[in-house]
Asks: 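Below is the structure I would like to discuss, written out as structure tokens.
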Amino acid sequence: DLPCELHSWRQMAEYSPEMRQFVCVLHLYHIKAYDYLRKILPLPHPYSLTKQVFIHSWLSNNEAAAGFSNDIFLQLEENVERGDQAYRYCTVMLQDVSLQKQQEWDPQTRRLTGFVDLGAGILDADEAPLASEAIILMAVGISSPWTAPLGYFFVNSTTGCLLAQLLRQTIHKLNNIGIIVLAVTTGASALGAETARALGIRIDPERICCTFQHPPGSAHSITYFFDVCHALQLIRNALQCFQKVEWLTDSMWWQHVVELAALREQRVLDPCSPKSGRSGGKESYHLKVNLATPLFSEGVADALEHLQKLGLASFQNCSGTVKFVRLMSSLCDVFYGRGPYGRGLKEPLLAENYTKITNLFNEAKSFFVNLRDSMGRYIIKSKRKLGFQSFLLNAESLKWLYSNYMCSEGTPSHQLQTYAFSLDPLELFLRALQQACGSSGSPTCTVFQAAYHKLLASCSLSPGSQHGSGSGNTSSLDISLSCRRDLTLGSIYAQCNPARGRTLAVEYPFCAGLLLRSSPLSNALMDLSLDTQSVTCTAGFVAEQLACDLQCEACLASLFESDESRLRCRSVLYIKKLGRVSLPSASVYHITSILEQVLNWYGKGGDGNKNTELWHLSLEQKVFQELLGESPLFPTLTNHLFDGELSINNHYTILVKEIARCYLNIRTNLAQHLNLKYSCGRHRLKRLKGKPLLPSPLGSCQLSQTHMRA
């Protein structure tokens, strides 16, 4: 299909679609061959492929077709031309998404789809390869939290050289509209390492080079980051394989972490307080591990130290493990800072904390290069080295950005928000894209393209806008927690107990003997009336249900009445129990009490529309109205709210909504749980034949998948 005459290769505007496809494929897949053919044929300069020629550029398209999105670049250019400094600097990230290889007929375009498409048109032929992956590119603001999906490309094989070429074309296209790219982020994987090498990055600690020049040979340098979550997964894999790592005189044992995750709930007895009026009585506390605790966190370090002090044999001699976990926790805090209101090491990189962070990086480098396995071999030179090398490269890149970006004159912002150097913003977009595709499996090219078009139609590039990533109400903190779900104590517990998985909630607790002695929760709990006991039991059951799926350590800890005098740590909890029921925290109990009042008040009417979801939502609204003006809930979450975006839809409000939904679902479905007669002291609950206590619009208690995957 290609002309052989040289005069047919004169001007880009005269090139046929087949010529454009040939040029784009050759340039992206085989740059050296492209440079050689330019000496024979008048092929266009590589960077002219992204320039606007008449209506189209060769790698760009309108609407949601494969290639760079002209609409997004036009919006970015308008923001730059208005002088908005927030759009002056950005980082570029990419990730590949698996596709289902399938050829389909499009009745609208009257063409076959499912083939490779690099923005110059589908390679439509019987022998043309089908696309197996989509490569998605995104730009993220460094001084301001804006995100922009730049486009996607359908390919049938992904290589580091291909990704490097796409990154260079992206950087060039952003430079053309006045946006300076300071960093690139990819996954910490074999493909990510290959991409880094193709750009000129060196990750060997002895000759590390964290920047590459663009254009090649120019004075402008761009840093390279590996995604921290991917790097942590590689380090976890290394520790599981080696079981024991040594440095100087200390050792880190992976078994300590396994024993912590597998620690069974244990009953602890305390003498009854004078307030109970029972001399010599006993009150029951249960020591319980918070399975939502991240592996590499201060909470795990505190828990190991606490269990060691208790004298448990499995946790003796764990000081080396504690030191390793604390170092990794500090590094995670630096690279997971996600806003200007973070605290400690989660603060943005500023002149005030630069020295402290630099000292931490130096300590980590000395630590990593001296790690050895049980045979005395250096881990930094082993086949499990990439995770440690990724952290060292990220540290060098962050220091380079501070020295060459923040300290330079004319810089609009003198702080770096390290969240922009992770793949979390892109993961947020991919999560929304998967939901738009409507299935959990790999989509076809047609389904992917329709979902991408849907997200692009609602895309807003305003800083902090959730619509910029097409994510709706899901926050970046929730996505970060979701991505790290296999980096929690719960994931280790599931590996050790594959048949049991996460601990399941107890059965519905309206049965005899569950409501025992008085509780210090509040004076209301000392009232042994049936209503008060039922609310207390149901609130405890709600807390247990939510704890099964919560991935946030702080939020999970806030659900229960816990004895903090023993240990002010959210990774190990001393939960008050009455019988088999965990007592809820005062905030959970208060919310459920308000819910019960709302149900008693609004459930008495004879409205025939109670079996609708609208009625259920109206109850939630009434609950929030009743809670307005009340004393603050969840006092332990005050500092935690600064870990995410400052928005009304944070973990505080999500937790209140999920408690309300779960409780309402239980209370409006009591008939399902009362198939037998239950006794509670002198009171008896009898099932009303054919008459539930309240209408049942939503079935049994189910968590909102949107929020509770947080």
Asks: Rounded to the nearest 0.5 Å, what separates atom CD in Gln95 from atom OG1 in Thr186?
Replies: 9.5 Å
Asks: To check you understand the geometry: which heavy-atom pair defines the closest contact between Ala148 and Ile72, and what is its length?
Replies: CB-CG2, 4.0 Å
Asks: Rounded to the nearest 0.5 Å, what separates atom OG in Ser132 from atom CD in Gln100?
Replies: 12.0 Å
Asks: My understanding is that only one of Val181, Leu137, Leu162 makes a side-chain contact (heavy atoms from CB on, under 4.5 Å) with Leu167; could you say which?
Replies: Leu137
Asks: Does Tyr419 have its ring centroid less than 6.0 Å away from the ring centroid of Phe421?
Replies: no
Asks: What's the separation between atom CG in Leu130 and atom CG in Leu99, rounded to the nearest 0.5 Å?
Replies: 10.5 Å
Asks: Give me the ring orientation class for Phe448 and Tyr452: parallel if the planes are under 30° apart, tilted from 30 to 60°, perpendicular past 60°.
Replies: parallel
Asks: Ring centres of Phe226 and Tyr224 under 6.0 Å apart?
Replies: yes
Asks: Are a donor atom and an acceptor atom from the side chains of Thr113 and Gln103 found within less than 3.5 Å of each other?
Replies: no
Asks: Quick check: does any side chain N or O of Arg202 sit under 3.5 Å from a backbone N or O of Arg207, one acting as donor and the other as acceptor?
Replies: yes
Asks: Between the side chains of Thr158 and Glu133, does any donor sit under 3.5 Å from an acceptor?
Replies: yes
Asks: In plain terms, say whether Glu396 and Lys399 are close enough for a salt bridge, that is, a side-chain N and a carboxylate O under 4.0 Å apart.
Replies: yes
Asks: With sequence neighbours left out, write down each residue that passes salt bridge (Lys or Arg N to Asp or Glu O under 4.0 Å) with Arg384, or none if nothing qualifies.
Replies: none
Asks: Step by step, would you call Leu433 with Ile136 a side chain to side chain contact (heavy atoms under 4.5 Å, CB included)?
Replies: CA-CA 11 Å; Leu433 188 64; Ile136 303 178; 3.8 Å; yes
Asks: With a 3.5 Å cut-off and no angle check, do the side chains of Gln102 and Thr444 form a donor-acceptor pair?
Replies: no
Asks: Angle between ring planes, Phe368 versus Phe388, binned at 30° and 60°: parallel, tilted or perpendicular?
Replies: perpendicular
Asks: Going by side-chain contact (heavy atoms from CB on, under 4.5 Å), Phe225 matches just one of Leu423, Leu393, Thr185. Which one?
Replies: Thr185
Asks: Residues two or more places apart in sequence or in another chain: which of them pass salt bridge (Lys or Arg N to Asp or Glu O under 4.0 Å) with Lys101?
Replies: none
Asks: If a pair satisfies salt bridge (Lys or Arg N to Asp or Glu O under 4.0 Å) and one of its residues is in residues 148-163, list it, with sequence neighbours excluded.
Replies: none
